[in-house]
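Counting starts at 1 for both ligands and their atoms, following the listed order. Nothing here was measured: the structure is a model prediction, and the numbers come from that model.
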Amino acid sequence: MTKHVMAKEQAEMAEFSAKVRLEIADKNRKALVVTYGCQQNENDSERIRGMLSAMGYGFADSVSDADLIIYNTCAVREGAEQRVLGNVGALVHEKRRRPHLIIGLCGCMMQQPHMAETIRKKYKHVSLVFGTHVLHRLPQFLHETLMEQKRVIDITDSEGVIAEDIPTYRSGDPKAWVSVMYGCNNFCTYCIVPYVRGRERSRSLDKILDEIKDLVSRGVTEVTLLGQNVNAYGKDLDQGLDFAGLLRKVNNIEGLRRIRFMTSHPKDMSEALICAMAECDKVMPQLHLPFQAGSDSILSAMNRRYTQAQYLDLVSRVRAKIPDVTLSTDVIVGFPNETEADFEETLRVLEAVRFDSVFSFIYSKRTGTPAAAIDDKVTDEEKHARFDRLLTVQNRISREINDACLGKEFELLVEGESKTDSETMTGRTPGGKVVNFPKTEGIKTGDYVTAQIDKTNTWSLFGTVK
Ligand code: SAH
Ligand code: SF4
Ligand code: F3S
């Protein structure tokens, strides 16, 4: 059963927060929070910023401008971990130059005991390490490092606890992430997430609705409901409400215009959920539905609990009810001992479904997962060659799908200036596709406009606002 952080602990944190606030008052202290990994981590970083802001911290744009640096880390692949270690290593000079600088590491990578140990032994300039289960105790940790000069390392696994009512600092975007559940019970054999995020636990309906209503009152019109396995929402609660039911409740919130959600596991994609998506006007026609591999024997070795045929059948049932749905997926290439024939099944699924976009990854061995124990005979060269072949196939499909958008009109939520060109603005279609359009007098972030597509490429669409 899901437990909540008790009022007593919340009161303690409020006290620590007030003490830190007093300590840094008038010192113009600034923090930099850098996020690696997925949207769950982005959302956690918003809560970290919320707690820091409540303690009186402002925010820095760069390392050299910051008095406190927190890296919120990801453990899903080795590359993500290497990047964090490299960046943290480089901070040693900054710490020498400015000894009062506090460097902290948190998130999924730190939740692994061997990693916390590496930091403790080899990265002495890091004074704060905390895991995913104790995020809400940041005021206490900061109090200990700042005022008692202690080095804090806390990766306690407080199984199944949800911390509500943490202040959240958001960027003022018209869009917001809302976590509706935490953790994962699926234990796909390649994946570290269940070990670093704990078991599935759902937030109560009331807390979710209150949070979204509050966001709407502050100008947000689009929310993305988050969970590692979001469509398992409610299974651990006795609210009598599943994810389909939750969508229907959120759909009733006045002033909200768009609802998205991720990530859905194919095995939990119920008929009721497909119907709710089709019937709720605010739920956007977009579905991220990872299939990971096309071969049944690899799917079984991955512990995904569906076959290729079941996946393809699911996709046709979704498309039958939501014909304009945009589909995206995740694929792993090179799972241990994947054969050429197995890999060809993955390509077969890409051709059969024709996803709008595909996030593909080369298998990365994660310490402590069952797949890490498999003696893998496939060479890295072979894996990279397959990965390139997959990209070639999918790039062609993505391009064909985008080309078919030429001349069509879409409603866009304007998200702001393009990152690469200040004369261009970007927005997203109901299906979640990015559309660029020339900056236009009177159109600003948060507006809803209609654009006609007049140019396309593999990754994005270009349009003219009508
Ligand atoms: N809960 C989501 C997302 C998990 S992490 C889901 O079940 O789909 C995001 C993606 O990273 C996964 O979908 C998977 O494709 C990829 N991934 C996870 N572990 C990996 C590993 N060890 N090596 C390579 N890719 C991995
Ligand atoms: Fe990892 Fe599988 Fe859970 Fe996704 S569903 S987080 S891939 S264990
Ligand atoms: Fe990475 Fe943790 Fe997300 S491992 S993908 S940040 S849940």
Side-chain angles (χ1 to χ4, degrees), residues 34-45 48 71-84 105-112 115 131-133 135 177 179-201 225-233 235 261-269 287-294 298-299 301-306 311 327-336 338 346 349 355 357-374 376 378 380 383-384 386-387 390:
V34 181
T35 316
Y36 299 81
C38 66
Q39 291 79 7
Q40 259 85 28
N41 260 19
E42 292 285 353
N43 193 224
D44 282 351
S45 289
I48 292 170
Y71 285 170
N72 188 9
T73 63
C74 170
V76 82
R77 282 170 293 275
E78 197 185 348
E81 295 195 332
Q82 291 306 338
R83 220 169 31 249
V84 168
L105 296 177
C106 65
C108 297
M109 189 176 160
M110 293 307 119
Q111 194 62 48
Q112 307 170 96
M115 202 44 93
T132 58
H133 297 267
L135 184 80
W177 311 114
S179 292
V180 301
M181 63 183 299
Y182 303 96
C184 182
N185 289 356
N186 288 333
F187 290 94
C188 302
T189 55
Y190 50 81
C191 184
I192 195 74
V193 171
Y195 304 88
V196 295
R197 286 272 171 182
R199 294 296 67 71
E200 285 174 4
R201 51 216 186 267
L225 309 181
L226 294 179
Q228 282 301 340
N229 184 15
V230 75
N231 50 348
Y233 174 82
K235 286 189 178 171
F261 57 90
M262 67 190 300
T263 293
S264 303
H265 194 296
K267 80 170 168 50
D268 293 313
M269 200 65 215
L287 185 62
H288 183 61
L289 195 64
F291 79 91
Q292 312 295 2
I298 297 287
L299 283 172
M302 286 178 162
N303 189 31
R304 289 292 291 181
R305 288 172 272 185
Y306 52 83
Y311 184 88
L327 284 173
S328 56
T329 199
D330 292 347
V331 180
I332 296 178
V333 175
F335 185 82
E338 175 190 68
T346 295
V349 174
F355 295 96
S357 53
V358 173
F359 301 88
S360 44
F361 310 100
I362 294 183
Y363 169 77
S364 169
K365 186 170 171 172
R366 304 287 63 210
T367 308
T369 61
I374 305 173
D376 188 4
V378 188
D380 281 352
K383 293 185 186 198
H384 280 91
R386 285 180 191 161
F387 186 76
L390 183 140

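Under a 4.0 Å criterion applied to the non-hydrogen atoms of Tyr190, ligand 2 contributes the atoms 7 (S).
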task = Tell me, with the steps shown, if Gln292 and Asp330 meet side chain to side chain contact (heavy atoms under 4.5 Å, CB included).
result = CA-CA 6 Å; Gln292 312 295 2; Asp330 292 347; 3.9 Å; yes

inquiry  = Run Lys365 and Asp376 through salt bridge (Lys or Arg N to Asp or Glu O under 4.0 Å) and show every step you take.
reply    = CA-CA 10 Å; Lys365 186 170 171 172; Asp376 188 4; over 6 Å; no

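By the 30° and 60° cut-offs, the orientation of the rings of Tyr190 relative to Phe335 is perpendicular.
Donor-acceptor pairing under 3.5 Å is lacking for the side chains of Asn72 and Asp44.
At a 4.0 Å heavy-atom cut-off, the residues surrounding ligand 1 are Val76, Arg77, Tyr190, Gln228, Thr263, Pro290, Gln292, Arg304, Asp330, Ile332, Phe361, Ile362, Tyr363, Ser364, Arg366, listed by chain and number.
Rounded to the nearest 0.5 angstrom, Ser328 OG and Leu289 CG are separated by 8.5 Å. Between the SG atom of Cys191 and the CG atom of Asn303 there is a distance of 11.0 Å, given to the nearest 0.5 Å. From Asn185, atom CG reaches atom CZ of Arg197 across 14.5 Å, with rounding to the nearest 0.5 Å.
Taking distances strictly below 2.8 Å, the protein N/O/S atoms close to atom 2 (Fe) of ligand 2 are Cys188 SG. Of all protein N/O/S atoms, those under 2.8 Å from atom 3 (Fe) of ligand 3 are Cys38 SG, and waters are not counted.
Partner of Thr369 under the side-chain contact (heavy atoms from CB on, under 4.5 Å) criterion, chosen from Ile192, Val193, Thr189: Ile192.
Between the side chain of Thr346 and the main chain of Ala293, no donor-acceptor pair closer than 3.5 Å is present. Remark: the backbone N or O of Pro194 is paired with a side-chain donor or acceptor of Arg199 at under 3.5 angstrom.
When the ring pair (Phe, Tyr, Trp, His ring centres under 6.0 Å) test is applied to Phe359, the partners found at least two apart in sequence or on another chain are His288.
Note that Arg83 lies outside the cation-pi zone of Tyr36, set by a 6.0 Å cut-off to the ring centre and a 45° limit from the axis.
In this structure, Phe361 has its ring center no closer than 6.0 Å to that of Phe387.
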